[in-house]
Visitor: 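Take this structure first; my questions come after.
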Protein chains: 2
Amino acid sequence: MPSNADPLGQSVWTRPPRSRGAQPALSRTQIVRTAIELLDEKGLEGLSMRRLGERLAAGATSAYWYVATKDELLELVLDEVMGEIEVPEVGATDWRAAATALAHGLRSMILRHPWVAGLFGVRPMMGPNAMRMSDRMVGVLTAAGFSGLDVAYASSLLMSHVIGSATMEAAWKRSIAPGMSVGESVEKLRPYIDEVSSRYPHYGAWWRENRAMDPDGLQEEGFAFAVERLLDGLQLWLDRREKAGPA
Amino acid sequence: MPSNADPLGQSVWTRPPRSRGAQPALSRTQIVRTAIELLDEKGLEGLSMRRLGERLAAGATSAYWYVATKDELLELVLDEVMGEIEVPEVGATDWRAAATALAHGLRSMILRHPWVAGLFGVRPMMGPNAMRMSDRMVGVLTAAGFSGLDVAYASSLLMSHVIGSATMEAAWKRSIAPGMSVGESVEKLRPYIDEVSSRYPHYGAWWRENRAMDPDGLQEEGFAFAVERLLDGLQLWLDRREKAGPA
DNA sequence: TCGGCGCTCGTACGGTGTTCGAGGAACCTA
DNA sequence: TAGGTTCCTCGAACACCGTACGAGCGCCGA
């Protein structure tokens with residue numbers, strides 16, 4: 001997988017999908033949907049072009065008529081699941097509610113398809129669904145009072161946070177046995193954590209005071225907390241700027 | 001690469017490194033350092049066990065005596081570069097300055113080794129260097145007035161943001177031809193962006209007003225902006241809580 | 001009826017991570 | 001000094017992977 005093949009230049013989004021006449025057995029959307037099925041079942045490493053062909057009841061390399069490369073398929077897949085996120089219309093609610101909904105929507109999509117966490121770093125998201133989301137986000141932020149580069153900054157702040165926390169959560173999920181809860185895993189790791197944290201003063205002290213906590217649901221709460229702080233920070237900036245000079 | 005091999009249970013950090021007697025030709029640290037060299041030169045996809053063996057002037061599979069699996073090697077590599085980050089001592093400065101330094105330190109490490117962005121999702125960071133960083137962070141946040149779960153929330157907020165924005169930046173860097181600046185790439189993409197953004201009302205409007213911006217250095221500024229907002233949000237929360245009930 | 005085109009897919013190439021086991025070199029013990 | 005044991009190296013092989021290529025199929029317009 002060259003993966004840096006065709007940097008810039010022609011991308012999936014500029015080239016029209018193949019197949020216009022006849023009645024082909026496969027289609028781009030069918031391929032993408034089947035790929036997502038496979039990914040949901042077996043994760044990122046479980047998707048190979050051969051397996052995809054098998055599941056499509058087609059030859060191992062048949063998908064290559066519709067898709068130039070595996071990376072390109074993943075790009076399409078990423079945009080497809082981005083389409084699952086519902087973003088509130090601009091003006092439907094205040095900007096805080098809209099941003100909160102967007103953040104939680106993105107997060108729950110990632111929890112539904114944990115493998116996407118590994119896809120964000122591959123290519124910038126330029127597909128139609130990602131664009132639709134950006135569009136709404138820009139609308140919401142502009143209406144809130146951001147302008148110029150601030151819009152890009154604020155929107156990138158929101159996205160970055162969700163993607164980052166999803167990445168870290170995915171790392172956790174990966175390292176625990178499937179079917180085991182986070183709590184049970186922490187329980188098994190406890191001796192190691194005890195041993196290690198005793199060597200680090202601050203961490204150790206914190207751990208001793210908080211070892212009784214229940215780790216399940218902690219990610220969720222932490223995410224909600226973070227979104228609130230983050231929006232507070234943005235709101236504060238808006239307030240300060242308005243007070244200083246209302247343009 | 002099973003990659004889910006040995007979920008939990010024994011990890012690199014619990015098992016002592018091999019080789020105690022004799023004078024072996026290789027060593028864990030040498031392998032890790034050479035791997036980083038290779039990664040810096042050719043990126044994540046450029047590192048294969050065979051190439052690593054070659055560069056070590058050793059057999060293709062010799063490294064497997066010191067490292068159980070490629071994933072494990074990557075875990076060691078990740079922790080090694082985490083060691084490059086210098087974190088201010090607790091109490092050396094106020095917590096805002098410390099957190100800012102930590103965020104920028106982590107970010108510049110990632111810019112130095114862009115391939116790490118693809119490693120954060122693999123396993124939770126539990127190596128000694130990552131732990132040292134967490135330790136400092138916990139110390140700083142506790143001194144600032146956070147306690148209990150808030151510490152974990154706030155620290156995860158900081159880390160998530162840096163990792164998320166690094167991931168997105170890596171995606172961008174990957175899609176542009178090597179040696180080309182961001183500005184030049186945007187220039188080449190301009191017709192496509194123009195065409196696309198015209199179909200999205202808010203995004204299009206924003207783009208028309210801001211198409212003249214200089215994209216180089218924008219990431220840097222956006223990052224600094226985000227860190228400020230984020231710390232503002234945390235500070236505000238501390239203030240509010242203190243006012244409500246000073247424990 | 002006959003090209004030509006859209007589409008499928010078997011085969012093959014050059015990689016990948018990892019297992020296995022034969023072998024060598026250095027050490028401890030007798 | 002001899003023998004045995006343990007540590008370490010590495011060539012060969014296995015089961016995969018992404019992808020190029022081109023032969024061949026069936027439908028369509030002429």
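Chain letters run A, B, ... following the sequence lines, proteins first and then strands; every chain starts at 1. The structure displayed is predicted, hence computed values, not measured ones.
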Visitor: Checking A:Ser198 now: which residues fulfil side chain to side chain donor-acceptor pair (under 3.5 Å) with it, not counting sequence neighbours?
Guide: none

Visitor: Which residues in residues 35-43 of chain B have at least one heavy atom lying under 4.0 Å from any atom of DNA chain D?
Guide: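 Of all residues in residues 35-43 of chain B, none places a heavy atom under 4.0 Å from DNA chain D.
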
Visitor: Can you tell me how far C1' of D:dA20 sits from NZ of A:Lys70, to the nearest Å?
Guide: 17 Å

Visitor: Is there a side-chain contact between A:Tyr66 and A:Leu73 in this structure, where contact means two heavy atoms from C-beta onward sitting under 4.5 Å apart?
Guide: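 SC-SC contact between A:Tyr66 and A:Leu73 ruled out.
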
Visitor: What is the separation between atom CG on B:Leu73 and atom P on C:dT16, rounded to the nearest whole Å?
Guide: 15 Å

Visitor: Sequence neighbours left out, what passes salt bridge (charged side-chain N to carboxylate O under 4.0 Å, His left out) with B:Arg112? Give chain and number order.
Guide: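 Counting only residues at least two positions away or on another chain, B:Arg112 forms a salt bridge (charged side-chain N to carboxylate O under 4.0 Å, His left out) with B:Glu84.
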
Visitor: Under the salt bridge (charged side-chain N to carboxylate O under 4.0 Å, His left out) test, which residues partner B:Glu187, sequence neighbours left out?
Guide: B:Arg190

Visitor: In this structure, how many angstroms lie between the P atom of C:dC7 and the CD1 atom of A:Ile31, rounded?
Guide: 11 Å

Visitor: Please tabulate, for side-chain N and O atoms in residues 158-167 of chain B, each donor-acceptor pair with protein atoms closer than 3.5 Å (sequence neighbours left out).
Guide:
unit_1: B:Ser160; atom_1: OG; unit_2: B:Ser156; atom_2: O; d: 2.7
unit_1: B:Ser165; atom_1: OG; unit_2: B:His161; atom_2: O; d: 3.2
unit_1: B:Ser165; atom_1: OG; unit_2: B:Val162; atom_2: O; d: 3.2
unit_1: B:Thr167; atom_1: OG1; unit_2: B:Ile163; atom_2: O; d: 2.7

Visitor: Mind checking ring-ring contact (aromatic ring centres under 6.0 Å, His included) for A:Tyr203 and listing every partner two or more places apart, or none if nothing turns up?
Guide: none

Visitor: Please list residues of residues 47-61 of chain A whose heavy atoms come under 4.0 Å from any atom in DNA chain D, ordered by number; otherwise none.
Guide: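 Heavy-atom cutoff 4.0 Å gives A:Leu47, A:Ser48, A:Met49, A:Arg50, A:Thr61.
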
Visitor: Whole-Å distance between D:dT19 C1' and B:Glu45 CD?
Guide: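 About 14 Å, once rounded to whole Å.
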
Visitor: Tell me: CH2 of B:Trp65 to C1' of C:dA25, nearest whole Å?
Guide: 14 Å

Visitor: Go through the structure and list residues passing ring-ring contact (aromatic ring centres under 6.0 Å, His included) with A:Trp115, not counting sequence neighbours.
Guide: A:His113

Visitor: Would you say A:Tyr64 reaches C:dT8's phosphate, i.e. side-chain N/O to OP1/OP2 under 4.0 Å?
Guide: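 Looking at the OP1 and OP2 atoms of C:dT8, neither is under 4.0 Å from any side-chain N or O of A:Tyr64.
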
Visitor: Among residues at least two apart in sequence or on other chains, which ones pass salt bridge (charged side-chain N to carboxylate O under 4.0 Å, His left out) with A:Glu169?
Guide: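 If we apply the salt bridge (charged side-chain N to carboxylate O under 4.0 Å, His left out) test to A:Glu169, skipping adjacent residues, the hits are A:Arg107, A:Lys173.
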
